[in-house]
Amino acid sequence: MDTTTLPALLNVDDPMLRLAVAAHLARYKGQSRAHTASDLNAYLRWCLERDVMPLQAQRAHVELYLRWLQEIRHLRPSTVSRRLSVLATFYRTCVIDQILDHSPAEFVRRPHVPLESPTLGLSHLQFEAILTAGRDSTNPNDFALVAMLGLLGLRIFEATGTDVQALGEARGHRVLSVHGKGDKTAVVPLPPAVGRAIDRAVEDRVDGPILLNRRGRRMDRHAATRRLRALARSANITTARMHPHMLRHTFVTTMLDAGVDLRDVQVAARHADPRTTMRYDRARNNLDRHPNYILAAFMASAT
């Protein structure tokens, strides 16, 4: 396996720990491996700073790590829950491989994760404004970036990792093959506006990345975030700091607000679990669809 994805903070005098981590990460591929390694590395760093041997940790150590994430780092419940999930799976692998007799994370309670997604999407007017800003930008990659995130609902690593060769046709539709989470490939149809935006960014290139940074190299998530924040400023969007996932969130909530069936939204967003899609549903907080307006409209028609 690619050892560059191994967490760096491993005790060189503990080959069993290195073996355990390598065996666990071997279960993952691509971005899933990189993200798992990052979360696991956070725990290994915490152990190193406190002279705790990860393979000798007790339940109390895992509880203290969670309290540190919550009370010192002030991470969101969803992030804490994800990191505990990574840790619990790592220790479960150690038990399977007979490195440990039992998992110290087995009976640790996970924090409550709110049903609503904590990430805020853009309003319809804000979304239209940033689309316009991207379309009017002198950098053709801006409009392609906004379109791929907000109109296709791609994750940022999917958008930046997609190459020109992924463009094609299927069943009479122009499509884009996307390498997504879990090492899965999805075929996404391209609406005409998105196709034109991508064509502007690609120009006459026949290979290489679709999205380029100002140096003509593959755009990464950091460059994408900077471009989106610049577009938000030019569009006079006054909201929390813009980041790529806000556009994916907007993609989901816009469809839900338009009355698209939850199952169809789940398929479009490529969520494995419908509960993930439901977390984006802001209908209960959307004043545009508040029952007061329905009642007022009914009373007006009755009079």
Side-chain angles (χ1 to χ4, degrees), residues 7 24-25 27-28 30-47 59 61-93 103-123 149-150 153-160 180-184 221-222 224-225 228 239-257 262 265-286:
H24 178 63
L25 294 181
R27 305 174 61 182
Y28 302 92
Q31 290 293 323
S32 295
R33 177 185 294 172
H35 294 159
T36 301
S38 176
D39 285 340
L40 190 54
N41 197 24
Y43 174 67
L44 296 176
R45 182 184 296 110
W46 182 88
C47 290
R59 184 190 61 80
H61 293 116
V62 180
E63 293 279 10
L64 289 173
Y65 173 62
L66 256 62
R67 298 300 170 269
W68 178 76
L69 293 176
Q70 294 171 318
E71 300 173 6
I72 305 301
R73 293 292 309 279
H74 301 291
L75 298 183
R76 291 176 174 174
S78 58
T79 304
V80 176
S81 180
R82 188 197 70 231
R83 291 196 175 182
L84 177 58
S85 177
V86 169
L87 192 55
T89 307
F90 166 67
Y91 278 126
R92 192 179 305 121
T93 304
S103 168
E106 184 175 359
F107 296 106
V108 177
R109 295 181 60 182
R110 299 190 182 187
H112 172 71
V113 178
L115 294 177
E116 294 81 11
S117 172
T119 302
L120 295 178
L122 301 177
S123 69
L149 297 179
L154 300 189
R155 300 174 177 89
I156 184 58
F157 77 87
E158 295 170 342
T160 57
K181 290 180 66 175
D183 203 29
K184 298 177 182 177
R221 62 186 180 89
H222 302 292
T225 301
L228 290 176
T239 183
R241 297 185 68 186
M242 175 68 68
H243 57 85
H245 191 68
M246 292 180 71
L247 285 175
R248 177 170 165 82
H249 189 286
T250 303
F251 169 78
V252 174
T253 55
T254 299
M255 286 193 292
L256 291 172
D257 288 345
L262 180 65
V265 178
Q266 178 192 350
V267 172
R270 289 171 287 117
H271 288 151
D273 192 329
R275 290 174 296 183
T276 304
T277 312
M278 292 175 64
R279 293 189 67 232
Y280 289 81
D281 191 356
R282 62 179 183 183
R284 71 190 70 184
N285 297 321
N286 188 347

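These numbers were taken from a predicted model, which means no experiment stands behind them. Side chains included, hydrogens not; waters and symmetry mates left out as well; all remaining heavy atoms used.
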- Query: What is the distance from atom CG of L69 to atom CG of L64, rounded to the nearest 0.5 Å?
  - Reply: 11.0 Å
- Could you walk me through whether S81 and R110 pass the side-chain contact (heavy atoms from CB on, under 4.5 Å) check? CA-CA 6 Å; S81 180; R110 299 190 182 187; 4.0 Å; yes
- Look only at the side chain of S32 and the backbone of Y28, and say whether a donor-acceptor pair between them is shorter than 3.5 Å. no
- Item | Interatomic distance, R155 atom CZ to H245 atom NE2 [nearest 0.5 angstrom] | 8.5 Å
- Note on the structure: Here the pair of heavy atoms bringing V108 nearest to R59 is CG2-CG, 3.7 Å
- Closest non-hydrogen atom pair between Y91 and S103, with its separation: CB-OG, 3.2 Å
- Begin with the C-alpha distance, continue with both residues' side-chain angles, and end with the deciding distance and a verdict on side-chain contact (heavy atoms from CB on, under 4.5 Å) for R83 and Y65. CA-CA 10 Å; R83 291 196 175 182; Y65 173 62; 4.0 Å; yes
- On a heavy-atom basis, the closest approach of P111 and P77 is CG-O, 3.8 Å
- CG on L122 to OG1 on T254, rounded to 0.5 Å: 8.5 Å
- Can a donor-acceptor pair be found between the side chains of H24 and T93 at a distance below 3.5 Å? yes
- Query: Looking at residues at least two apart in the chain, or sitting in another chain, which of them share a side-chain contact (heavy atoms from CB on, under 4.5 Å) with H222?
  - Reply: D220, R226
- Task: Nearest 0.5 Å please: distance from the CD atom of E63 over to the CH2 atom of W68.
- Result: 16.0 Å
- Message: Looking at R67, I'd like to know if its CZ atom is crowded, meaning that more than 12 non-hydrogen atoms belonging to other residues, nucleotides or ligands lie closer than 6.0 Å.
- Response: yes
- Note on the structure: All heavy atoms of L149 vs all of F251, minimum pair found to be O-CB, 4.1 Å
- Item | Residue pair I156 / A224: nearest heavy atoms and the distance that separates them | CD1-CB, 3.6 Å
- Message: Which residue in the set L66, T79, T89, D39 passes side-chain contact (heavy atoms from CB on, under 4.5 Å) when paired with L84?
- Response: L66
- Message: If you apply the rule side-chain contact (heavy atoms from CB on, under 4.5 Å), what do you find for M246 with L228, and how did you get there?
- Response: CA-CA 10 Å; M246 292 180 71; L228 290 176; over 6 Å; no
- Cationic N near anionic O, under 4.0 Å, R270 to E158: yes
- Message: Quick check for you: to the nearest 0.5 Å, what is the distance between R248 atom CZ and T250 atom OG1?
- Response: 11.5 Å
- Query: Which atom pair, heavy atoms only, marks the closest approach of V62 to P104?
  - Reply: CG2-O, 4.0 Å
- Message: To the closest 0.5 Å, what do you measure between CZ (F90) and CG (L44)?
- Response: 6.5 Å
- salt bridge (charged side-chain N to carboxylate O under 4.0 Å, His left out) with R221: which residues, sequence neighbours excluded? none
